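Below is one structure; the comments refer to it alone.
Reminder, nothing fancy here: chain letters follow the sequence lines and each chain counts from 1. Below, all heavy atoms of this structure are taken into account, side chains as well, without hydrogens, waters or symmetry copies. Quick caveat, the model's predicted, so the values are computed rather than measured.
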4 protein chains.
Amino acid sequence: MTNPLANSITFNTIALVGKYSAPGIDKDLLSLARFLMNAGHTVVLEHDTAIKLDIAEFTVMQPKQIGKNADVVIVLGGDGTMLGIARQLAPFGLPLIGINQGRLGFMTDIPIERMYGALSEILAGQHQLEQRALLEGRVIRDGQEISGGLAFNDIVVARGAGSGMVDLTVTVDGHFMYSQRSDGLIISTPTGSTAYALSAGGPLLHPSLAGIVFVPIAPHTLSNRPIVVSDRGKIVIEISSGREASVNFDMQSFAHLMEGDQIHIQRSNYKICFLHPKEWNYFHTLREKLHWNEAPAKN
Amino acid sequence: MTNPLANSITFNTIALVGKYSAPGIDKDLLSLARFLMNAGHTVVLEHDTAIKLDIAEFTVMQPKQIGKNADVVIVLGGDGTMLGIARQLAPFGLPLIGINQGRLGFMTDIPIERMYGALSEILAGQHQLEQRALLEGRVIRDGQEISGGLAFNDIVVARGAGSGMVDLTVTVDGHFMYSQRSDGLIISTPTGSTAYALSAGGPLLHPSLAGIVFVPIAPHTLSNRPIVVSDRGKIVIEISSGREASVNFDMQSFAHLMEGDQIHIQRSNYKICFLHPKEWNYFHTLREKLHWNEAPAKN
Amino acid sequence: MTNPLANSITFNTIALVGKYSAPGIDKDLLSLARFLMNAGHTVVLEHDTAIKLDIAEFTVMQPKQIGKNADVVIVLGGDGTMLGIARQLAPFGLPLIGINQGRLGFMTDIPIERMYGALSEILAGQHQLEQRALLEGRVIRDGQEISGGLAFNDIVVARGAGSGMVDLTVTVDGHFMYSQRSDGLIISTPTGSTAYALSAGGPLLHPSLAGIVFVPIAPHTLSNRPIVVSDRGKIVIEISSGREASVNFDMQSFAHLMEGDQIHIQRSNYKICFLHPKEWNYFHTLREKLHWNEAPAKN
Amino acid sequence: MTNPLANSITFNTIALVGKYSAPGIDKDLLSLARFLMNAGHTVVLEHDTAIKLDIAEFTVMQPKQIGKNADVVIVLGGDGTMLGIARQLAPFGLPLIGINQGRLGFMTDIPIERMYGALSEILAGQHQLEQRALLEGRVIRDGQEISGGLAFNDIVVARGAGSGMVDLTVTVDGHFMYSQRSDGLIISTPTGSTAYALSAGGPLLHPSLAGIVFVPIAPHTLSNRPIVVSDRGKIVIEISSGREASVNFDMQSFAHLMEGDQIHIQRSNYKICFLHPKEWNYFHTLREKLHWNEAPAKN
């Protein structure tokens, strides 16, 4: 997972993205920006972050401009903030650093209290570069693509709120896998395996696993277990029946579906690159987030 | 999964292995042997199969000799028979064909009723060649390897029958993953994901996935979910505490463990090669075995 | 579960309810009606059944009239048909007999092929009388009851289709049980434990158990397991946050919810009475429906 | 759960039981004993506790004598200590108070730091009296009872460590429930539902529920879900096949089983009585032990 050439990256221009809804984050963001400027970096602010926090002292850029002009992005917030910006920046391949201003996140793995030290090391080339897979999905109706998007966590097909279960027909590489009656189906990356897929009973996938997991939500057939396939597979989900079904990408964009609609899913050619501190390890995050380090608490 | 060169394999010498405990199997085996002989192949019988069924009319070989001399092995029996011989033949790389004489198996995918037609096609080069991963495990005590073996399904560390839970410490590639108190831990290949690991709550892994799954058995900590890692990982399980713990390889060989013992597990360099009929597909087997094709049966 | 006085019930007036959407059911229903008439019973038809099937030859009654005038109701259809009529007839206490015209049902336990024999015996007093619990729920907003209903299977609080998880606060008998972030929460009777609750990972409850089960749907906290409480408990679920949340009763009636709304749930004073054939046993149905009688199908 | 007459119990003689293996417990136990003596109670020490801790200053009694002579028992230790003594004292019906000297326990619900205040209130009649069910099991071989015992948590039938799955045939009240191939079967009280049964995937049962839960351990058939039955049921488990199977009662006494052996299980006529502080509530313990009160920790 460590790139031997990683320390040859130069970080001239650094873009900052903040969770602008978090109280007090403007102060932290400003301190961070000045710290980086003093260290000789050019600092730009993501557009919405700058507007919402009313910070006028730095160059402001839209995510696309950031993608083209910055060398690295630092996200100050939580996993939700990271998720949103990472998807937008995926086509540009620039590395992301995540600082959590609340609880430790899966993707925002540097605590704000250790921010300056950790960033100094990372920007000096002392880091791990980790690549994460994304999914791309296209919604096909009557042979036409009507919608689509990227997903860093998951693509979820779900029944309508007021209607019964949805019937889905799933194929992988043209081979019929199963018909499934359920509340829905989660197609998740390793990154997403700690999110909604986990709540629905899915397994954890290490980010270095080249796999995609299918997690049914409340499946009618009790033997309909989560299944992990290679991430080279081409997945097609067809809505066999189910009024008001919908599909969403990372719970951030939605499309309503009709019977006969197909969702075509495959691994994206893009990757998300994270820069982690040298001592970072995925299992550490997992233990912290899932409370595995706690003393057993049963009888 | 299909090898374009597969049909260039020549099948001069065919070895037969039978589930000798199955009543009436001698007749089927003899018919099969004569059928193959008439088709111009040289037929040899696996030693135990020949002895137990008292068949004297063919050359008899030990598995090792089969590995060195045969071009292909046909197993007539169930998945257990296949599991046993496949592990012994793993170092030799020769392909295996599975014929089930009872219910459809995961690895014995040709029903005995369609045996002749299917074999004719396969031996004429109309087949799919599929490779499956194996695990190798070594038990280390005080720095010495005291036991070890290959596993096609799984390597299972488990508590003693009359004692409490076992405490295990698990690392992957030298990184601490977790300490776990449980009845045991199943380390499973994709092939084994439909066996014991599934009963213990694990996910299904498609055989083409380059992954290994850890499935805890009755873990004390409720967030201790199955986790899938890349099959390039080096796994070490240490017995932190637990009287009478043991490890087994495919439930076929066992070793007693003491506190401080380590089990080192990694993917084997060997592969198991299956020859399947042209129309074979893994999902079909899965649907059949897990009854996914059944009409929903709840309220 | 067997009532020693059961055979003292007299069945003068028998009401018939049919799954009118099922092709060909009119013929079966007519045959059944004539069979009962010939046996000396007065036969009435449920209103919708008569209208939709265009059967004019019998007295037609609305469910309420059936409740007041009939001695027993025979349902010809599936569990859905039974579920619908049972809830409407709950206040009247009259016994129900279920005949399935398709697959065996949990509540429609007499196969149509054995209908005449089974009914002859039951109506002659050879039967088991079984009582099942119902739930009643009331939706309270700003201190006012705005909606409510009975549930024979379950009362389900769920998030909106296009929104994130819902936060619920649950108390039992005034004691705070938990706050839960999830897709929703199923409050189920033993009868409902084989329906949606089972798909969402809940346990089976024998119908004679005086219990209610809480099954979270995709809960955020992994230790949020299903919990079974005594059916004497008073349950209050409050919507702490969650746009577009809703509650439904047996998936048949719905109400939209707002933050702060409470759902008050308790066992109804009504009971559903089933008449089963003498040899009926709940476990038999369970085995059939959940395929427990099948030969093991794994590796 | 609260007994209105509870405060009429008089507590002249108080027996103390300690987890003698816990370092430093002798000091706490002595302080407690003197505190109670000073408050006018007669204090006796359980035999093993006194011997192992070498405390000579109080009357020493075997559990049976305690059962006959004491008015209440105070357990200082963990749930394991409580489990052991509670089973021995079950026939005598005297109430138990649990003080945990480490982590909060399910049954030892008073933290040692608040011990004096809590005991003063409880012994002054300010308490809740809660009754818990026990199971009794008898092992029958060739028509003879060869072993048996009480269980406060669970009765567990399990396969041998080095052998394959065990086949069990289960009936309830003479009705065949299922044949099951698995690692074993846990028959648990509500009290035991937070122990081994929970690890194996069982639901939580509130202690006031009159139910018994069957939790299969790694069952071969995926639809073999936990099932909760009324605690009035007579359960029979027969070993259909399985070398080296065994049964245990609360993991504290064991018996080896042979094919054809039956285990007969029913609710015991005895009850365990706990005295809890006035403000005690089961759900509070559950939240603490299962970390339900934690902020959500996922993505």
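Of the possible polar contacts, one joining the D:Arg225 side chain to the C:Gly202 backbone as a donor-acceptor pair under 3.5 Å is found.
Interface remark: of the candidates C:Asp173, C:Val172, C:Val215, C:Val172 forms the most heavy-atom pairs closer than 4.5 Å to chain D. With chain C as partner, the option from D:Gly211, D:Pro226, D:Ser193, D:Gly233 having the largest number of non-hydrogen pairs under 4.5 angstrom is D:Pro226. Contact tally against chain C (heavy-atom pairs below 4.5 Å) for D:Pro203, D:Ser230, D:Gly201: the top residue is D:Pro203.
Shown are C:Ile212, C:Val228, C:Val229; of these, the side chain to side chain contact (heavy atoms under 4.5 Å, CB included) with D:His206 is made only by C:Val229.
Remark: C:Ile227 CD1 to D:Phe283 CZ distance equals 5.0 Å, nearest 0.5 Å. We find the CG-CE distance between C:Asn281 and D:Met177 to be 11.0 Å, quoted to the nearest 0.5 Å. The CG atom of D:Asn224 sits 9.0 Å away from atom CG of C:Leu204, with the distance rounded to the nearest 0.5 Å.
Side chains of D:Leu209 and C:Leu209 form a contact here, defined as non-hydrogen atoms less than 4.5 Å apart.
When heavy atoms are compared at a cutoff of 4.5 Å, D:Leu286 approaches chain C solely by way of its side chain, counted from C-beta outward. In this structure, the portions of D:Phe176 lying under 4.5 Å from any heavy atom of chain C include both its backbone and its side chain.
Scanning for side-chain contact (heavy atoms from CB on, under 4.5 Å) contacts around D:Glu113 gives D:Pro111, with sequence neighbours left out. C:Ser223 is linked by a side-chain hydrogen bond (donor to acceptor under 3.5 Å, both in side chains) to D:Trp292, counting only residues two or more places apart in sequence or in another chain.
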